[in-house]
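One structure below.
A quick note: this is a predicted structure, and the numbers were derived from the prediction, not measured.
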Amino acid sequence: MHKHSHFKRANLATALLFSPLVLAVENDVVELDPYQVVADQNPGLADTDALTHLDQELIQSQQGTTAVDLFNYTAGVTGLNEGGRQAFRINVRGLEGSGRVAIDVDGALQNQIDHNHGSATTRVMVDGALLKSASVIRGPASSKKGGGSLAGSVSFRTIDPSDLLRGRATGGLLSGGYEQNGDGKHGTIASAIQANEKWSFLAALSAREFGNYENGEGEEVLASGSKSNSLLLKSEFKPSDQQSLKLSFQNSEAEYEGSGAYARGQLRYGNTSAEDVSTKTFTANYSATSDAIEWLNLNANAYHTTNERMEERLDTGALTFHDIETYGFSVHNSSRFQPGQVSHDLNYGFDLFHDDLVSLEGEESLNSEASRDPGGTRQQAGLFLNTSHIVNPSLSLFSGLRYDDFEMSDNSGVELSGGNLSGRFGVEYSPFSRRDKLKDLTLFSSYGTGFRIPTLREAFLSSEPSTRRGQLSPGTKPNPNLDPETSETWELGIQRLVRGLFTNEDMLRARIAYYQQDILDLIGSVATDDPEYNTLSNVGSDSLEGIEFELRYSTPRYFLGATYDKRDREKVGTGLPGDPIQNQPWSAFLFAGLRLAENKLTIGAETKFSGAFEQDMTDQTNPTVVERMVRDSYQLVSLFASYQLNEITKVSARVDNLADKSYQVYQTLDTAMGRNAKIAFEYKF
């Protein structure tokens with residue numbers, strides 16, 4: 001057994017104290033204002049992180065084919081469609097793939113790592129129609145989320161029975177919509193019942209079907225359609241106002257065509273693969289608080305997820321099967337003490353996850369004689385403590401410390417294990433806290449470390465040399481001596497969150513931050529002493545520096561906002577999905593809207609700018625060939641509107657890419673979707 005241990009500096013700094021904004025209460029249901037930034041719903045995540053919370057109203061206004069569309073409103077976060085239009089991958093501050101961003105749905109980790117055409121992406125299958133919120137933490141979150149949150153984390157929350165009941169004994173939702181580009185159709189039906197004072201239940205079913213879309217030139221993009229069905233079952237038991245037990249089951253089935261090869265920068269070749277993906281997740285969440293016991297705010301979560309992916313090559317009939325089973329649990333408690341003038345908040349706990357991977361290739365597979373995609377097990381367990389200290393109205397300090405132990409082994413018994421200590425530290429200072437004007441202005445600075453343990457494929461992949469498309473493809477030797485990837489991030493900035501700036505009912509939030517992120521012990525492919533073989537190893541370090549800006553302003557009559565992010569990478573990479581660090585171009589997003597007819601009618605517009613991208617890259621099949629990859633800058637305009645016919649009926653419409661622009665996103669080889677008109681309705685019963 002090979003052992004590694006790492007000790008990384010505990011982090012100095014955290015980002016920013018986000019206070020909840022004003023809540024609007026209607027029919028005993030609390031609905032969050034769109035675009036607001038709030039504390040995460042889980043105890044212990046309510047202090048210092050650069051956390052953006054996207055609520056259900058924003059999710060619905062996007063009418064997103066996938067949840068990718070949500071991340072336009074968050075600087076530093078990019079969502080990109082993968083495998084049709086139902087699955088997608090998430091990039092945070094330039095990092096993605098192989099679990100570098102921790103992603104969970106209702107607390108259940110999503111550890112499906114997909115390897116396709118040289119890329120290693122964390123695919124996520126989630127239906128936006130069943131979501132109530134999404135929370136994003138930018139920057140290393142390992143002290144709270146564990147290994148895998150090297151760049152940040154994204155948490156999705158599905159609807160609860162109370163969201164449909166609205167204080168009544170029964171309630172439900174019927175919604176549907178149509179998309180013009182690709183002849184897309186989707187529908188959702190959900191129902192909930194309050195069985196008695198303690199038990200409530202929910203059942204929801206959502207179906208989506210999209211054909212191949214057309215780009216801005218009117219050309220069909222092959223293999224861009226998908227078909228999916230999602231089932232959500234939930235029950236909630238509340239023995240008292242201060243205790244809750246939620247049980248849920250989610251089942252998602254998706255069918256789409258992947259791609260075995262690409263035409264460089266244009267449409268896909270015809271040798272695609274038909275893929276079926278099935279995801280089943282069981283979760284159980286228990287929470288308890290007490291008015292009499294200040295130190296008790298307990299949350300325990302257990303889950304089990306099975307993700308099965310079957311791929312069939314349409315040209316050869318070869319089958320490939322990947323099955324990853326993940327189970328885990330976490331328990332943490334939040335306590336508050338104020339022995340003197342200083343208020344102390346502590347969050348502490350333990351978590352664990354275990355992956356079991358099975359990967360099989362059929363006899364007719366293209367790689368059957370040259371590749372062995374390893375199966376095996378992987379486990380990680382961690383202890384953590386996070387603290388916040390309000391010294392006075394002007395000064396707050398935050399810190400965190402976490403230790404993780406991990407181990408993994410392949411089916412032949414080869415093992416890899418180790419440990420890692422990560423941490424964070426932060427300070428916030430409000431220089432005008434004692435004055436009426438600018439009292440909500442806050443300066444912040446943070447330092448944090450993150451880490452990611454290797455995947456089973458990175459540690460144990462073994463393949464033989466082969467010839468593909470007339471070129472020699474080296475084999476791969478396993479390397480059970482890998483260290484975890486680690487990161488160190490400095491961040492500083494200024495933010496202002498104020499209500500009643502110009503009127504009694506308006507709200508302003510502005511935040512600008514600069515960060516520098518060093519990534520150490522990067523895992524990449526290197527040559528061996530044998531010229532016919534490569535291996536995966538820790539290849540060195542890299543760094544990113546960037547700036548993020550977000551602005552939100554809202555009144556009862558109108559709202560507007562903007563985001564901007566730009567980052568620079570120290571080294572030059574490919575810019576393709578297989579590169580874990582992305583050379584992203586700068587981007588900006590502007591939106592504005594009006595609320596009319598006694599707030600029944602909402603109309604608005606969005607525009608997105610993306611800078612040009614150009615660099616040399618190595619051909620994926622012949623390393624001796626260097627090509628120039630160019631992505632032109634582009635601007636997209638979208639319009640949206642919704643009308644609340646009455647308390648229970650709502651209709652909405654969108655037009656994305658109004659000018660029907662033809663463009664390519666920097667990380668993809670397909671041309672993007674042209675103009676797409678959408679219409680949707682929602683009926684509550």
Side-chain angles (χ1 to χ4, degrees), residues 54-70 81 83-88 105-106 124-134 156-161 163-166 170-193 201-213 224-234 248-257 276-281 602 640-656 673 676-685:
L54 308 174
D55 70 4
Q56 193 172 27
E57 185 175 346
L58 183 143
I59 293 172
Q60 292 175 348
S61 73
Q62 288 292 289
Q63 297 184 44
T65 306
T66 72
V68 162
D69 304 303
L70 297 177
N81 289 323
R85 292 190 280 177
Q86 181 62 17
F88 62 94
V105 178
D106 286 340
V124 184
M125 310 290 287
V126 61
D127 192 327
L130 302 180
L131 291 178
K132 67 183 298 180
S133 67
F156 296 99
R157 294 293 179 263
T158 58
I159 53 177
D160 291 318
D163 297 315
L164 301 181
L165 292 172
R166 307 189 301 280
T170 60
L173 172 70
L174 179 65
S175 66
Y178 176 78
E179 294 189 14
Q180 154 266 327
N181 196 336
D183 191 27
K185 298 170 285 290
H186 61 88
T188 301
I189 184 169
S191 180
I193 183 172
F201 300 90
L202 175 148
L205 179 65
S206 179
R208 294 170 174 249
E209 184 172 357
F210 304 97
N212 292 339
Y213 66 78
S224 60
S226 67
K227 181 180 180 180
S228 66
N229 297 285
S230 298
L231 171 69
L232 174 65
L233 302 175
K234 271 193 178 182
S248 72
F249 168 71
Q250 300 174 58
N251 182 35
S252 296
E253 308 283 342
E255 300 175 6
Y256 52 85
E257 290 187 358
D276 293 330
V277 179
S278 173
T279 302
K280 295 178 175 64
T281 302
T602 300
F640 61 91
S642 66
Y643 187 73
Q644 192 78 42
L645 296 174
N646 50 49
E647 292 184 357
I648 61 175
T649 308
K650 179 181 179 180
V651 294
S652 56
R654 279 186 68 91
V655 180
D656 290 327
M673 186 183 296
N676 189 19
K678 309 177 184 180
I679 188 169
F681 75 92
E682 176 184 276
Y683 173 73
K684 298 178 181 178
F685 56 88

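Within the 4.5 Å cutoff, the side chain of Leu231 has no heavy atoms near those of the Gln250 side chain. The shortest side-chain heavy-atom distance between Ser278 and Asn251 falls under the 4.5 Å cut-off. Looking at heavy atoms from C-beta onward, Val105 lies out of side-chain contact with Thr281 at the 4.5 angstrom threshold. Residues Leu173 and Glu682 are in side-chain contact: their nearest non-hydrogen atoms beyond the backbone lie under 4.5 Å apart.
Side-chain atoms of Tyr256 and Asp276 include no donor-acceptor pair closer than 3.5 Å.
Residues satisfying the side-chain hydrogen bond (donor to acceptor under 3.5 Å, both in side chains) test with Thr158, not counting sequence neighbours, are Asp106, Lys234. With sequence neighbours excluded, the residues satisfying side-chain hydrogen bond (donor to acceptor under 3.5 Å, both in side chains) with Thr188 are Ser206. With sequence neighbours excluded, no residue forms a side-chain hydrogen bond (donor to acceptor under 3.5 Å, both in side chains) with Ser175. Qualifying ring pair (Phe, Tyr, Trp, His ring centres under 6.0 Å) partners for Phe201, counting only residues two or more places apart in sequence or in other chains: Trp199. Under the salt bridge (charged side-chain N to carboxylate O under 4.0 Å, His left out) criterion, Glu253 pairs with Lys280, not counting sequence neighbours. Considering only residues two or more places apart in sequence or on other chains, Phe249 meets the ring pair (Phe, Tyr, Trp, His ring centres under 6.0 Å) condition with Phe282.
Taking CD1 of Ile189 as the start and CZ of Phe685 as the end, the distance is 5.0 Å to the nearest 0.5 Å. Atom NZ in Lys678 sits 7.5 Å away from atom NE2 in His186 (nearest 0.5 Å). Here Met673 contributes atom CE and Asn212 contributes atom CG; the two are 10.0 Å apart, rounded to the nearest 0.5 Å. Atoms OG1 and CG, from Thr170 and Leu165 in turn, are 7.5 Å apart once rounded to the nearest 0.5 Å. Residue Lys132 holds its NZ atom at 10.0 Å from CZ of Arg157, rounded to the nearest 0.5 Å. Note: Phe210 CZ to Ser228 OG = 7.0 Å, rounded to the nearest 0.5 Å.
Across every non-hydrogen atom of Ala190 and Leu164, the tightest pair is CB-CD1, 3.7 Å. In terms of heavy-atom proximity, Phe681 sits nearest to Leu174 at CE1-O, 3.8 Å.
Remark: side-chain polar atoms of Asn676 are paired, donor with acceptor, to backbone N or O of Asn181 under 3.5 angstrom.
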